[in-house]
Amino acid sequence: MGQVINNLAAVRSQLPEGVELTAVSKFQPLEALEEAYSAGQRRFGESRADELQRKAMAMPDDVEWHFIGHLQSNKVRRVVRCASVIESIDSERLLRLVSSESERIGKVMDVYLQVHVAAEETKSGFSADELIDCARRCVDLNGVRVCGVMGMASNTDDVERVEADFAAIAEVGRRLREIISDASVLSMGMSGDWPIAVRHGATLVRIGSAIFGDRG
Ligand SMILES: *Cc1c(COP(=O)(O)O)cnc(C)c1O
C-alpha cells in the first residue's frame, strides 16, 4: 500500500500544466484503482470490455472510464454503456456502430480516432489518410463526438523513431482539426515514452505501469 499513491504523485509532479492523465488500470486489481481514486485520480483506462464493465460496477460513479483497447463489434453495446470516452476507434465501421448504439440509448459518445504509425503491424488504427477520409465522411453522425486522435509510438529504444512517430500523430491531429475544429485532444505517450509525447504536443497521456507497477 502507498506505492500507487507515491507513483501517481511522482507522475503528476512531472506532467506540465494542461496535460491530462489517464491512469491505465487494465489487468490491475480493484484495490490498486481504489488507491489511485483515494489520491484523487478519476480518469482510468481499460482495454477489455468485460473488465471495464466489472470495474465500472465496483467503482464510484464519478470515475471517467476511457476505453483504449481494440473493440470488437459484439462488445460495443457493453462499452458504450460504461465508457465516457472510446479512444480506440480504428475503423469507420466501428465508428458507425458506436454512433448508432449510443443514439439508441440516448447518449453522445466522445471518441478519438486511433492512428497507426508504429513499426509493429500488430497495433491497430487507421493510416493517416484513412483517418482523415473517415472523419470527412462521418461528420454528420449523431451518436458520437470526435474529440481528437489517439496513437502509439513504436516500441523501440530508437528515440529518433519515437520522435518521428509522435510528430506524425500530432500532424494527423492538426489535419483532423481542419475538418473538426474542436477535435483538440492528442492522446499519446505511455510509461516509457510520455515525456517525448508531451514535447510533441500531447494533451493527454496514458500511463499504466509507471503508476501501478507491472501487470500480473
Ligand atoms: C497498456 C496501454 C497503455 C499503458 O502502457 P504502460 O506502458 O503500462 O504505461 C497506454 N495505451 C494503450 C493503448 C495501452 O494499451
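Computed from a predicted structure; not experimentally measured. When a ligand or atom number is given, it counts from 1 through the structure's own listing order.
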Quiz item: Out of curiosity, Gln114 CD to Ile169 CD1, how far, rounded to the nearest 0.5 Å?
Solution: 9.0 Å
Quiz item: Taking heavy atoms and a distance under 4.0 Å, where does Glu87 meet ligand 1: side chain, backbone, both or neither?
Solution: neither
Self-check item: Pairing of Glu163 and Arg199 as salt bridge, 4.0 angstrom limit
Solution: yes
Quiz item: Is it true that Glu178 and Arg174 have a side-chain N and a carboxylate O under 4.0 angstrom from each other?
Solution: yes
Practice problem: Just jot down the ligand 1 atoms closer than 4.0 angstrom to any heavy atom of Ile207, in number order. | Solution: 9 (O)
Practice problem: Just grab all the salt bridge (Lys or Arg N to Asp or Glu O under 4.0 Å) pairs involving residues 6-28, residues at least two apart or on different chains. | Solution: Glu20-Arg43
Quiz prompt | atom 11 (N) of ligand 1: the protein heavy-atom neighbour that sits closest, reported with distance to 0.1 Å | solution = Arg206 NE, 2.8 Å
Practice problem: Could you tell me whether Lys75 and Asp50 have a side-chain N and a carboxylate O separated by less than 4.0 Å? | Solution: yes
Self-check item: Nearest non-hydrogen protein atom, atom 5 (O) of ligand 1
Solution: Met190 CE, 3.7 Å
Self-check item: ILVMFWY clustering at 4.5 Å (side-chain atoms), partners of Met150
Solution: Val85, Tyr112, Val185, Leu204
Exercise. For atom 14 (C) of ligand 1, find the nearest protein heavy atom and state the residue, atom name and distance (0.1 Å precision).
Key: Lys26 NZ, 3.0 Å
Quiz prompt | Those atoms of ligand 1 less than 4.0 Å from some heavy atom in Gly208 | solution = 4 (C), 6 (P), 8 (O), 9 (O)
Quiz prompt | Residue, atom name and distance, where the atom is the protein heavy atom closest to atom 9 (O) of ligand 1 | solution = Ser191 OG, 2.5 Å
